[in-house]
Amino acid sequence: MLFQIKGERRSNGSLAVTADAFVSICTTFTEERMTGKIMKGIGGFYYVYVEGSGLYECRARGIFRNKKMKPNVGDVVDIDILSEEEKTGNLVKIHKRKNQLIRPMAANVDQALVIFAVHEPEPNFHLLNRFLITMEQQEIPVIICFNKTDLATTEQMQQLEKDYENSGCQVIFQAAATGEGIAQIEELLRGRTTIMAGPSGVGKSSTLNCISKEKQMETGAVSEKIKRGKHTTRHSELIHIGEDTYLMDTPGFSSLFLENIEKEDLKYYFPEFEPYENTCRFNGCCHIHEPGCEVKKALEEGKISKLRYDDYCMFYEELAQQKKW
Ligand code: GDP
């Protein structure tokens with residue numbers, strides 16, 4: 001490697017290097033700046049994946065503490081490489097976030113993929129509908145995957161399709177066991193960062209294995225590196241499954257508490273109500289007890305899913321009770 005060094009020749013023949021040139025030489029030898037994505041944060045370390053280079057264990061510089069800015073999983077960051085051999089670096093800059101989710105804690109999320117089984121276990125629709133609301137609150141589009149279609153009848157799937165056709169979500173029927181629907185899911189994930197959620201036993205791991213078949217070795221290596229140390233609690237973690245394509249398996253899905261919603265606003269989280277919103281007899285109709293309610297009429301005519309409407313009423317009551325506490 002040849003360097004051209006700016007400096008002045010002293011009378012004794014040695015070279016006086018300017019401060020700038022000195023810094024530039026040191027940087028060249030010790031640090032290279034790269035841009036990557038935070039896959040996981042644990043015990044003060046951030047694991048940053050750089051496309052084409054791999055995973056680096058990084059510490060955040062003090063400047064983030066001073067600015068009260070905490071790096072997040074999903075953040076696009078600049079890192080200075082400390083050792084390419086040991087794959088270590090310093091996190092020096094967080095790029096501007098597209099969004100910042102609170103539940104789960106993650107930045108730059110494009111969409112959510114929620115998986116339920118058609119059977120075994122039976123779908124918990126209350127949980128699914130709650131999840132849709134929390135995602136809508138955070139303006140994250142949702143893809144609903146009904147897995148284990150090999151265990152379902154055509155009628156059951158038709159009913160599910162009908163219940164969710166106007167929910168504002170894309171609905172996919174899949175079977176990790178047979179590979180049905182996997183290509184469609186892969187297509188939707190490509191080039192995006194997706195959070196994956198669903199109760200246990202529905203087939204999340206099986207689906208992930210289908211999606212990231214050729215990536216499994218790499219994913220294994222990432223997990224190995226991260227497992228090092230004594231932190232074993234489950235944290236949110238991104239998995240790299242293709243170019244610019246990331247998936248986050250989110251822990252803690254068993255109960256979702258609705259918060260920061262006024263009961264009067266709950267209706268806006270049910271996109272299927274929207275066509276009828278301004279046609280009810282009363283302004284500000286809540287679509288529950290009021291006469292001349294077009295939503296209830298649509299429900300009676302089978303244009304709105306009873307399953308979804310019943311949950312709307314249940315959540316409305318829940319929010320009304322919350323206010324009383
Ligand atoms: P997770 O807890 O959501 O990660 O679920 P797993 O992927 O561990 O799957 C739970 C069980 O469901 C396992 O016994 C899987 O073999 C089974 N399973 C997953 N996908 C399918 C499917 O498409 N059809 C059937 N019949 N079983 C499945």
Side-chain angles (χ1 to χ4, degrees), residues 39-40 42 73-74 101 103-106 109 111-132 134-135 140-164 169-189 192-224 226-227 231-242 245-256:
M39 308 297 277
K40 184 164 183 151
I42 196 162
V73 171
L101 264 68
R103 288 190 296 173
M105 203 64 143
V109 173
Q111 58 188 5
L113 184 96
V114 62
I115 304 187
F116 276 81
V118 185
H119 271 312
E120 297 177 20
E122 296 305 305
N124 179 338
F125 294 108
H126 303 315
L127 201 54
L128 172 55
N129 291 331
R130 278 177 201 276
F131 180 78
L132 299 190
T134 57
M135 286 300 118
I140 303 293
V142 180
I143 303 160
I144 305 173
C145 292
F146 286 113
N147 187 34
K148 308 197 188 184
T149 50
D150 52 308
L151 303 179
T153 63
T154 311
E155 290 74 37
Q156 284 166 329
M157 287 192 275
Q158 279 170 346
Q159 185 59 48
L160 289 172
E161 193 157 23
K162 205 162 179 317
D163 281 326
Y164 284 92
C169 306
Q170 184 157 359
V171 180
I172 290 179
F173 290 95
Q174 58 143 149
T178 64
E180 185 200 333
I182 297 296
Q184 204 183 347
I185 296 173
E186 282 174 333
E187 191 55 42
L188 290 166
L189 298 183
R192 300 190 172 113
T193 295
T194 306
I195 55 171
M196 182 168 155
S200 67
V202 297
K204 292 187 303 298
S205 319
S206 311
T207 304
L208 189 60
N209 285 342
C210 293
I211 292 166
S212 58
K213 240 179 218 144
E214 75 278 17
K215 275 275 162 193
Q216 267 174 39
M217 269 178 61
E218 194 179 327
T219 315
V222 167
S223 303
E224 262 323 294
I226 288 171
K227 249 190 269 157
H231 310 277
T232 47
T233 42
R234 268 194 85 192
H235 286 249
S236 297
E237 173 182 355
L238 277 184
I239 304 164
H240 178 252
I241 53 166
T245 306
Y246 298 88
L247 201 59
M248 179 194 255
D249 192 1
T250 56
F253 187 71
S254 51
S255 72
L256 290 166

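Small disclaimer: the values here were computed from a predicted structure and weren't measured. Reckoned from all heavy atoms, side chains included, excluding hydrogens, waters and symmetry mates. Atoms within a ligand are numbered from 1 in the order they appear, just like the ligands themselves.
Applying side chain to side chain contact (heavy atoms under 4.5 Å, CB included) to F131 and the options V142, N124, I144 leaves one that passes, V142.
Contact check for T149 versus M157: side-chain heavy atoms found under the 4.5 Å cut-off.
Here the straight-line distance linking atom CG of L208 with atom CD1 of I211 works out to 6.0 Å at 0.5 Å rounding.
Listed by chain and residue number, nothing satisfies the ring pair (Phe, Tyr, Trp, His ring centres under 6.0 Å) test with F125 (two or more places apart in sequence, or in another chain). Judged as a ring pair (Phe, Tyr, Trp, His ring centres under 6.0 Å), and not counting sequence neighbours, the contacts of Y246 are H240.
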Sequence neighbours excluded and cut-off under 3.5 Å, please list the side-chain donor-acceptor pairs for residues 195-204, or say none.
from	atom 1	to	atom 2	distance (Å)
K204	NZ	G198	O	2.9
K204	NZ	P199	O	2.9

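Annotation: ligand 1 has protein neighbours N147, K148, D150, L151, A175, A176, A177, P199, S200, G201, V202, G203, K204, S205, S206, each with a heavy atom less than 4.0 angstrom from the ligand.
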